[in-house]
Amino acid sequence: ETGVTQTPRHLVMGMTNKKSLKCEQHLGHNAMYWYKQSAKKPLELMFVYSLEERVENNSVPSRFSPECPNSSHLFLHLHTLQPEDSALYLCASSLGTAVDTGYTFGSGTRLTVV
Amino acid sequence: TQLLEQSPQFLSIQEGENLTVYCNSSSVFSSLQWYRQEPGEGPVLLVTVVTGGEVKKLKRLTFQFGDARKDSSLHITAAQPGDTGLYLCAPRKEYGNKLVFGAGTILRVKS
């Protein structure tokens with residue numbers, strides 16, 4: 001248990017479904033992130049929230065919609081996904097923006113789009 | 001876009017052997033972190049290096065940040081099966097809190 005909890009751990013969804021991934025941290029961190037991890041590819045940063053405000057969106061398709069209702073919770077809403085969106089989706093949090101700040105990751109949600 | 005290369009991509013060794021993995025770039029970084037990711041889990045922070053030439057030790061793991069802060073290495077002495085995992089280097093840009101992750105080195109230590 002890292003202090004960052006992601007649910008569900010596994011998700012299988014059809015291309016016409018709507019689902020949401022949830023991330024929760026009670027570490028007192030003020031920044032939260034969504035990453036996508038596909039096989040044989042580097043971690044891809046999707047979204048960054050700092051103090052509940054989205055500060056970065058790395059050209060992510062609109063079928064992915066993040067939400068950060070408060071500093072402890074982060075959601076990723078999914079709709080009309082494609083099979084190539086199947087991947088491990090990782091949430092992370094951090095405290096501050098100092099150069100030595102580390103990220104705490106959740107265990108991820110393994111998403112399969114059929 | 002900065003080019004970040006980790007090598008080797010995959011390494012399979014016997015228990016007790018030593019190994020070194022590398023993280024190289026043409027860019028200068030303000031700091032660099034190493035993470036280990038085990039199957040089915042998220043990455044876990046191992047170390048942060050900030051100063052050029054800095055060396056940090058974590059039990060059997062030795063981390064070094066290049067003098068020019070463009071590269072880093074991780075050396076493991078007497079590898080154990082528990083060291084098996086994906087080792088990711090993550091340098092940080094000069095400004096902001098954004099980490100860039102390399103593709104990683106997959107290490108498998110056989111008993």
Side-chain angles (χ1 to χ4, degrees), chain A residues 1-10 21 23-25 27 29-51 53-59 74 87-110, chain B residues 1-11 21 23-25 27-52 54 56 58 63 65 69 72 85-106:
Chain A
E1 179 59 50
T2 65
V4 177
T5 302
Q6 289 188 244
T7 54
R9 289 295 305 270
H10 300 274
L21 309 185
C23 177
E24 184 174 354
Q25 60 91 9
L27 301 170
H29 289 174
N30 54 17
M32 297 186 79
Y33 314 81
W34 279 117
Y35 279 88
K36 176 183 178 182
Q37 187 174 36
S38 305
K40 299 181 180 179
K41 293 178 68 176
L43 280 166
E44 300 173 56
L45 179 63
M46 300 176 71
F47 302 104
V48 180
Y49 277 83
S50 179
L51 299 173
E53 180 179 342
R54 190 191 312 179
V55 297
E56 189 154 345
N57 176 347
N58 272 3
S59 302
L74 185 66
L88 180 68
Y89 288 85
L90 290 162
C91 171
S93 68
S94 69
L95 178 64
T97 57
V99 295
D100 59 349
T101 299
Y103 287 11
T104 301
F105 283 87
S107 298
T109 295
R110 173 66 64 184
Chain B
T1 303
Q2 61 211 13
L3 182 64
L4 185 64
E5 182 180 359
Q6 286 193 246
S7 60
Q9 290 183 326
F10 180 77
L11 190 57
V21 298
C23 176
N24 295 292
S25 175
S27 301
V28 176
F29 300 110
S30 58
S31 65
L32 186 145
Q33 297 179 339
W34 283 93
Y35 289 77
R36 179 171 66 213
Q37 184 178 17
E38 297 182 12
E41 299 296 331
V44 175
L45 177 64
L46 296 175
V47 77
T48 301
V49 286
V50 179
T51 306
E54 182 176 3
K56 281 192 174 180
L58 182 66
F63 305 85
F65 201 14
R69 292 184 291 130
S72 182
L86 173 66
Y87 287 82
L88 298 163
C89 76
R92 178 173 272 114
K93 287 182 175 180
E94 284 289 339
Y95 302 103
N97 195 32
K98 180 177 172 180
L99 284 178
V100 176
F101 284 86
T105 293
I106 297 173

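Reminder, nothing fancy here: chain letters follow the sequence lines and each chain counts from 1.
Interface residue B/Leu86: only side-chain heavy atoms are found under 4.5 Å from chain A. Neither the backbone nor the side chain of A/Arg110 comes within less than 4.5 Å of any heavy atom of chain B. For chain B, the nearby part of A/Gln37 is the side chain; its heavy atoms alone come within less than 4.5 Å. Looking at B/Gln37, the atoms closer than 4.5 Å to chain A (heavy atoms on both sides) all sit in the side chain, from C-beta outward.
Going from atom OG1 of B/Thr48 over to atom CG of B/Leu32 covers 8.5 Å, rounded to the nearest 0.5 Å. In this structure, the separation between NZ on B/Lys56 and CZ on B/Phe65 is 11.0 Å, given to the nearest 0.5 Å. Put simply, OG1 on A/Thr104 and CD on A/Gln25 are 8.5 Å apart, with the number rounded to the nearest 0.5 Å.
Across B/Ser30 and B/Arg69, no two heavy atoms sit closer than the pair CA-NH1, 3.6 Å.
Judged by distance alone, the side chains of B/Gln33 and B/Tyr35 do bring a donor and an acceptor atom under 3.5 Å apart.
Note: A/Arg9 leads A/Glu44, A/Lys41, A/Arg9, A/Gln6 in heavy-atom pairs under 4.5 Å with chain B.
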